[in-house]
Amino acid sequence: MSEPLPPQYNPQENEDPLYRWWEEQGYFRADAHSTREPYVIVIPPPNVTAVLHMGHGLNNTVQDAFVRYRRMTGREALWMPGTDHAGIATQNVVERILAKEGHTRYDLGREAFVKRVWEFVDETGGKILTQLRAIGCSLDWSRTRFTLDPELSAAVREVFVRLHEKGLVYRGNRIINWCPRCLTALSDEEAEAKETPGRLYHLRYPLAEGVDAPGLPRLPDGRPYLVVATTRPETMLGDTGVAVHPGDERYAALVGREIDLPLAGRRIPIVADDYVDPEFGSGAVKMTPAHDPNDFDVAQRTGLASLNVMTPDAVMNDAAPEAFRGMDRFEARRAVVAAFEQLGLLEKTEEHAHAVPHCYRCDTVVEPRLSEQWFVRMKPLAEPALQAWRDGDLRFQPERFGKIYEHWMENIRDWCISRQLWWGHRIPVWYCQAEACAETIVAREAPTSCPKCEGTNLEQDPDVLDTWFSSWLWPFSTMGWPAETDDLRAFYPGHSLVTAPEILFFWVARMVMAGIEFRGEIPFTDVYFTGTVRDHLGRKMSKSLGNGIDPLVVKERYGADALRYTVISGSGAATDQYLNYENLEETFGPGRNFANKLWNAGRFALMNLGDDPRIPVDEVRDSLEPMDRWILSRATNAIREVTEALERFRLQDAALRGYEFFWGELADWYLELVKPRLRGDMGDDSRRAAQATLAEALDTALRLLHPIMPFITETVWQKLPRAAGAGEALIVARWPEARAEWTDEAAERGIEELQAVIGAVRGIRSEYGIQPAARVPVRIAGSDEAVAMMEASRRALRDLARVEELTFAGANGEIGASAVLRSGTEVFIPLAGVIDLDRERARLREEIGRIDGQIAGGEKKLSNESFVARAPENVVAYERDKLVSFREQRGKLAEKLAALEGAA
RNA sequence: GCUCGCUUAGCUCAGCUGGUCCAGAGCGCUCGCUUCACACGCGAGAGGUCGCAGGUUCGAAUCCUGCAGCGAGCACCA
């Protein structure tokens, strides 16, 4: 016999050594030269500065489960690890550190600052990759990549140059989203609209002197005026015109005339443009081309000038009237409104909720700003990416995300890719400084001289690229592209992608475009969206709220498997998950208990299988008993259902079915049923058959659960005896195969009947308070098949239901309790001599008397006219319902009493 | 404003293409058990008019319509 194991599983001492052993075995490594069919997932690279949180825990457990499953089915499975340099995010982290030292990045200068960031990243970066090991993630660490690696940077430049050559990258002076705190341009996706309460200010703009406008209202001094509305009054300082609809008769005569712009002391023209909706507001719109994208468009059409009145950090600049210079934009807003009010030019102010864009990194209100930036023309890239979804080549899990994808692709706008940051991929563009030349050079490597004028005074564009401009290449840049590497041939295109819904546009959609554009194939076929991890109050877990759960603390207290089982069984695709950070026991206890149950089933098996080689089921085929055939049949069913669930990306179903098979079928029933046989009570053949079947069923359960709970399943499996001559060193070597010949409907029916009978006996025992240790006689009447089954199951009934003597006959008017099963089988327990009948009858009579009293009370109440008249309707209804339930209860008790009083 | 999703036991959720689901699980709750794998356990229970109102159907938690509440995505109406 083996050493006896402790009765409780200790994940803390098992998990990390086991992980190291897997890694040493090279188990996670994928071979590009394998002849096996590949299966590839690329990790959504976490920010290099990230620390593992529950969102990662969920997302990476899902990926690991997918990868481990495919690996078990014999695929050459690659899970590609790595991190993202995360432009703004990382730069912000280091800038905050500098700020504590009393410095800004400008104090250091660009070169020193970037060096500093590299030091920071080299020192603390990638910590999360170690943490992913702790929760069992089976990534191929030999391939770990970073988006700023030389090879990946080369891929970025290659893509920029190629797109430029195709005319898909261009530079333009346009309104972009600007973060006044990060001091950089943002893409549309990086500006998050947030519903914010605001005000709509209606401003009076007087017409220039001498303009006649009979239909317009007039100021006290007699000047006619137009009313314009705005939510951002400070921008009026940069107004360069007022627009009306060309067909608006009210203003037709005013087009071409001028406005005296208040506060600014400038005259601005009135123009006509279709953009204006004559039905909305006054039908006149102020135009601030430098601070509003729509106004900018109108200005392009009508020839209005653009006047930028703000500095990069959103302070009113020298183009603004002196009184406002140096004011922050919100301060200026108040000042402008106050000035209008004082001049009698504030028509009215309305409460107005609207969506205000915020920086996705620092939450500052984004300021639309006119500036020169680099863009990617997206329409040509979007079309084939959309088609891939329409053709069914690209699928989303859950499917509804397809529509969101479609909508975005159809309305796609050009992507602003330049960032005024220092940390990231420098834009591969150089400008010739020769005065007469000013050539723009786009190149893969730094040029030494200008190809046009041969001048050597070249300056590289100071900006870096959007961090997502490297992320969108991840599925192939990690594999050596643009070189035609073995990895690329073997592992592109990949298969599944697991990510959060908010990354759909940032990353998923763009990866599809890049995959098609540069490799001619979509990078993956299935996209699985995880939900958001929230606390028990439904709030998103976040550092600032302090409502997070540290996955490593969970691992420490409950084990990584408990963590994994909890997140997998607790949520489906794109379903939010609620975890209580105040009560970890409630949240993760069940997962730990499940692992412990597996451990103990393993202990049980070890005690009963001995050290001899495992007996194959086929060897004991002829000695199999119904319970053996039943559990093998259930195992076959479980294999089918778990496999199907995994194939359909229904991880939750896979986990729950595995749980049900192991705990509800194998542990609750089979283990209990075979105990006497394993002890040898029923002879040697029976024992061998039970041992073989137990080993098989437990083996199946462990394998089915392995993708979700790799540590405990491997640990238990390693301890079990192997088949003679079998060389399997790892549980994971094989996914179980459903053997059709093991499906046995007769055995299933038989054991179900047995379970029902045992359940009925237990129910009666509990109901009548029969001592647990007391044995009871039982009579059973049913079909021949049912009777035969029970006849053969005397031992099971004795052990599991404490049945004393089993006879087959009807109740026949005796005193006792009976139950009729769904199958029609009747179970009867004579109670004379088992319990104190007199006492039980007395108890029942007392109970009935009590209920009768309640019924009488209720009836009296309801027949009391004044009560019915005065009481609210719902109270009356409640009394009626109560009466009905009392009568029902009374009926049951009376029936029971009658049974105990006998035929009389 | 447009589009989409959700609303099932105290809590968190399963219930796929309508009929053995006269509704299921885990947690929690009640009662009873130190039964020789496991008290991180075993056995037995209580608890739901499946958001509301209509409709289709022989039959609906499951399909359709409307309403309400919650959530998400998108949006230039100043």
Side-chain angles (χ1 to χ4, degrees), chain A residues 4-9 175 188 193 200-203 228-232 235 242-243 275-277 279-288 292-298 352 354-355 368 398 400-408 410-411 501-502 504-505 532 536 538 558-559 562 566 569-572 574-580 583 585-608 648 650 652-653 656-657 659-660 663-664 667-668 671-672 675 679 758-759 761-767 769-773 799-802 822 881:
Chain A
L5 301 171
Q8 283 197 351
Y9 170 55
I175 298 274
D188 292 340
L200 188 59
Y201 301 91
H202 296 257
L203 309 178
V228 297
T230 180
T231 53
R232 297 184 296 148
T235 62
V242 169
Y275 160 72
V276 180
D277 176 1
E279 303 293 319
F280 189 86
S282 67
V285 187
K286 65 187 274 301
M287 289 290 126
T288 321
D292 185 286
N294 303 305
D295 296 0
F296 182 75
D297 288 346
V298 173
H352 180 77
H354 62 146
R400 67 187 140 89
F401 283 91
K403 278 188 202 158
I404 299 174
Y405 177 84
E406 181 182 38
H407 183 260
W408 188 74
E410 282 175 343
N411 298 286
E502 56 262 34
L504 174 58
F505 307 140
T532 303
H536 55 294
Y558 299 91
T566 303
S569 64
S571 80
T575 308
D576 287 356
Q577 180 153 40
Y578 296 80
L579 300 175
N580 188 341
N583 190 347
E585 179 61 29
E586 179 187 297
T587 307
F588 298 102
R592 172 206 53 203
N593 296 353
F594 185 29
N596 191 242
K597 187 77 177 177
L598 284 160
W599 171 259
N600 273 291
R603 267 181 94 210
F604 176 82
L606 277 187
M607 292 174 185
N608 288 287
R648 294 175 56 199
R650 299 186 58 107
Q652 187 179 27
D653 290 351
L656 295 176
R657 182 65 185 100
Y659 179 100
E660 174 59 23
W663 201 320
D668 283 351
L671 293 190
E672 297 303 328
K675 277 177 179 173
R679 268 185 239 119
I758 289 171
V761 174
R762 284 172 172 171
I764 291 169
R765 296 181 62 108
S766 178
E767 201 178 342
I770 297 168
Q771 291 300 311
D799 290 355
L800 274 64
R802 308 246 153 191
R822 271 195 190 184
D881 288 351

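Below, read A as the first sequence line, B as the second, and so on, with proteins coming before strands; counting in each chain starts at 1. Model, not experiment: these values are computed from the prediction.
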Heteroatom pairs (N/O) under 3.5 angstrom, protein to nucleotides 2-11 of chain B:
none

Side chain of [X] (C-beta onward), nearest among [options]:
X        : options                : result
A:Gln8   : B:rU12, B:rC40, B:rA37 : B:rC40
A:Arg648 : B:rA14, B:rC74, B:rC16 : B:rC16
A:Arg592 : B:rA14, B:rC27, B:rC40 : B:rC40
A:His352 : B:rA14, B:rA78, B:rU12 : B:rA78
A:Ala355 : B:rG26, B:rA75, B:rA37 : B:rA75
A:Asp668 : B:rC77, B:rC42, B:rA37 : B:rC42

Looking only at non-hydrogen atoms, find the nearest pair between A:Arg603 and A:Leu5 and report the distance.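 Looks like NE-O, 3.0 Å.
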Nearest whole angstrom, please: distance from the [atom2] of [N] to the [atom1] of [X].
X        : N      : atom1 : atom2 : result
A:Ile758 : B:rG43 : CD1   : C1'   : 12 Å
A:Glu672 : B:rC36 : CD    : P     : 11 Å
A:Glu410 : B:rC74 : CD    : C1'   : 12 Å
A:Arg765 : B:rC33 : CZ    : P     : 13 Å
A:Trp599 : B:rC40 : CH2   : C1'   : 14 Å

With a 4.0 Å cut-off on N to O distance, would you call A:Arg232 and A:Asp292 a salt bridge?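 Salt bridge present between A:Arg232 and A:Asp292.
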Determine the contact category for [X]: base if any of its heavy atoms lies under 4.0 Å from a base atom, sugar-phosphate if only primed atoms, P, OP1 or OP2 are that close, otherwise nothing.
X        : value
A:Arg762 : sugar-phosphate
A:Ala773 : nothing
A:Arg657 : nothing
A:Phe505 : sugar-phosphate
A:Leu504 : nothing
A:Phe280 : base
A:Asp576 : sugar-phosphate

Residue-phosphate contact under 4.0 Å: [X] side-chain N/O, [N] OP1/OP2:
X        : N      : answer
A:His354 : B:rA75 : no
A:Trp663 : B:rA37 : no
A:Asn580 : B:rU12 : no
A:Lys675 : B:rA37 : yes
A:Lys597 : B:rC42 : yes

How do A:Tyr275 and A:Glu767 order along RNA chain B: which one's closest nucleotide is nearer the 5' end?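 Checking each residue's closest nucleotide, the 5'-ward one belongs to A:Glu767.
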Between A:Glu502 and A:Leu200, who's closer to the 5' end of RNA chain B by nearest nucleotide?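 This one resolves to A:Glu502.
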Just say parallel, tilted or perpendicular for the rings of A:Trp599 and A:Tyr9, cut-offs at 30° and 60°.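 It falls in the tilted class, 30° to 60°.
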Could you tell me how the ring of A:Trp663 sits relative to the ring of A:Phe594: parallel (under 30°), tilted (30 to 60°) or perpendicular (over 60°)?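 Answer is parallel, since the angle falls under 30°.
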Determine whether A:Lys675 and A:Phe604 satisfy the following criterion, side chain to side chain contact (heavy atoms under 4.5 Å, CB included), listing intermediate values before the conclusion. CA-CA 10 Å; A:Lys675 277 177 179 173; A:Phe604 176 82; 3.6 Å; yes
Could you spell out the base pairing of RNA chain B as a dot-bracket line? Use Watson-Crick and G-U wobble contacts where both distances are under 3.5 Å, [ ] for crossing pairs, | for partners on a different strand. (((((((..((((..........)))).(((((.......))))).....(((((.......))))))))))))....
Atom CD of residue position A:Gln771 - does it have more than 12 heavy atoms of other residues, nucleotides or ligands inside 6.0 Å?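 Result for CD/A:Gln771: open.
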